[in-house]
Amino acid sequence: MTTLSFPLPNAPTLYAPLPALSEIQRDQAVARIDTPDGGVAYVVTRYADVRTVLVDPRFSRAAAAASTTSAADFGLGALATDSIIGMDPPEHTRLRKLVARAFTARRVEQLRPNAAKIVDELIDALVELPQPADLVENFSLALPVRVICEMLGVPAGDRATFHGWSDTLLGGPGSDPRVMGAALQAMGEYFAGLIALKRAKPEDDLMTALIAARDEQDKLTEAELVRLSLGILIGGHETTANQITMILLTLRHYPEQDARLRADPSLIPGAVEELMRFVQLGDGATSLPRVATEDVVLSGVTIPKGAIVLPALAVANRDPEVYDEPGGLDVTRKELSHLSFGAGVHHCLGAQLARMELQEALRGLFTRLPGVRVAVPDEALRFKQGMIVRSVESLPVTW
């Protein structure tokens, strides 16, 4: 069995998974990873195995979040501790039910007109800027931040501060836990103050609804209320912002698909699913780790009880056992199943919201700015440092 070392290196290109993981998928499905503390983890690469790790209760997120090795070495830090992403049922189920109704397909469709309005407002402001203009600051990040902050009831003036905290908490391997802890404490204190304001003056937003669940139904502790709000805010914008940026970068390298999508906006909903499958979020090597709670066999390999398991979503989304020509981008593809939003109890709570935002972002850009183009070569791109995934810091565009 192949043995890799952690942290895994960045993929040599933004547009395909790490070659070593693709080779493992082809030849053996599972590989060992030596962790910095001398331990062993396992990376799984095939679609069926990755889905098993995501849905099978024998692979525990709570055990991973509680693991000192997992938290320190795999970029979880303080964010996973006592939060919904670091819980298993029944505690995870209890908290998820409290917010799931805000993210149903029906509720998200009710939010679509406002998201489209925000897209138009951002494009109105973007076209007034000198060219090239930064798409990340002025569009990709601004859209999901505004949507999730409005849902939660976070004042507009605090959005930039929150994004700074979010960047800190999403730090990658080797991030200073003291810095992450300070950011977490600052966000917690801010939310405690915001909760107090909402209690005194309730509004029609998700935060007020969560407060009601805490105060009237006794379904949340005060600490859970703060952590749940924090997790929704961070999870509700960072990956969507990066996805918008990476979609434009990826389409530049597939000009035929780019032209087809721009010429026919009716393709956008299906194309978003294909782009979610295909586009690499940074290096996108692995998802949040799990810990095996008993011996489990995957593709003939026994994962021992207590082992850390890393599901390689990016490679699983290009499994030739599932997709025809998996390494190619096809905006008309009918095989729309992918694992980018996870699966099982930890399937992304905001998946429908992210889909809608991506659809409206592409619809706005390609209809309002049909000539929008990335203005710099890939080698000129800047990336955020110390993140779990490689995130583009700025993206100059012209139109």
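The model shown is predicted, which means the values in this text are computed figures rather than measured ones.
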Salt-bridged, [X] to [Y], with N to O below 4.0 Å?
| X | Y | result |
| --- | --- | --- |
| Glu224 | Arg227 | no |
| Glu222 | Arg199 | yes |
| Asp378 | Arg252 | yes |
| Arg277 | Glu274 | yes |
| Arg355 | Glu273 | yes |
| Arg260 | Glu256 | yes |

Would you compute the distance between atom CZ of Arg373 and atom CG of Asp258 and round it to the nearest 0.5 angstrom? 5.5 Å

Interatomic distance, CD@Gln352 vs CD@Glu109, rounded to 0.5 Å, equals 8.0 Å

Is the distance between the ring centroids of Tyr323 and Phe278 less than 6.0 Å? no

Heavy atoms, side chains only, cut-off 4.5 Å: are [X] and [Y] in contact?
| X | Y | answer |
| --- | --- | --- |
| Leu358 | Gln243 | yes |
| Met151 | Leu353 | yes |
| Leu365 | Leu135 | yes |
| Phe383 | Val392 | yes |
| Phe59 | Pro311 | no |
| Asp330 | Asp324 | no |
| His346 | Arg61 | yes |

Check whether [X] reaches the backbone of [Y] with its side chain - one donor and one acceptor, N or O, closer than 3.5 Å.
| X | Y | value |
| --- | --- | --- |
| Asn317 | Leu339 | yes |
| Asp49 | Val44 | no |
| Thr52 | Ala48 | yes |
| Thr240 | Pro144 | no |
| Arg290 | Leu288 | yes |
| Lys198 | Asp205 | no |

Side chain to side chain contact (heavy atoms under 4.5 Å, CB included) with Gln131: which of Thr398, Leu126, Val397? Thr398

Which residues pass the ring pair (Phe, Tyr, Trp, His ring centres under 6.0 Å) test with Tyr190, not counting sequence neighbours? Phe162

Indicate whether any N or O donor in one side chain lies under 3.5 Å from an N or O acceptor in the other, for Thr3 and Asp34. no

Within the 3.5 Å criterion, strictly below it, is a donor on Thr302 or Asp295 matched to an acceptor on the partner's side chain? no

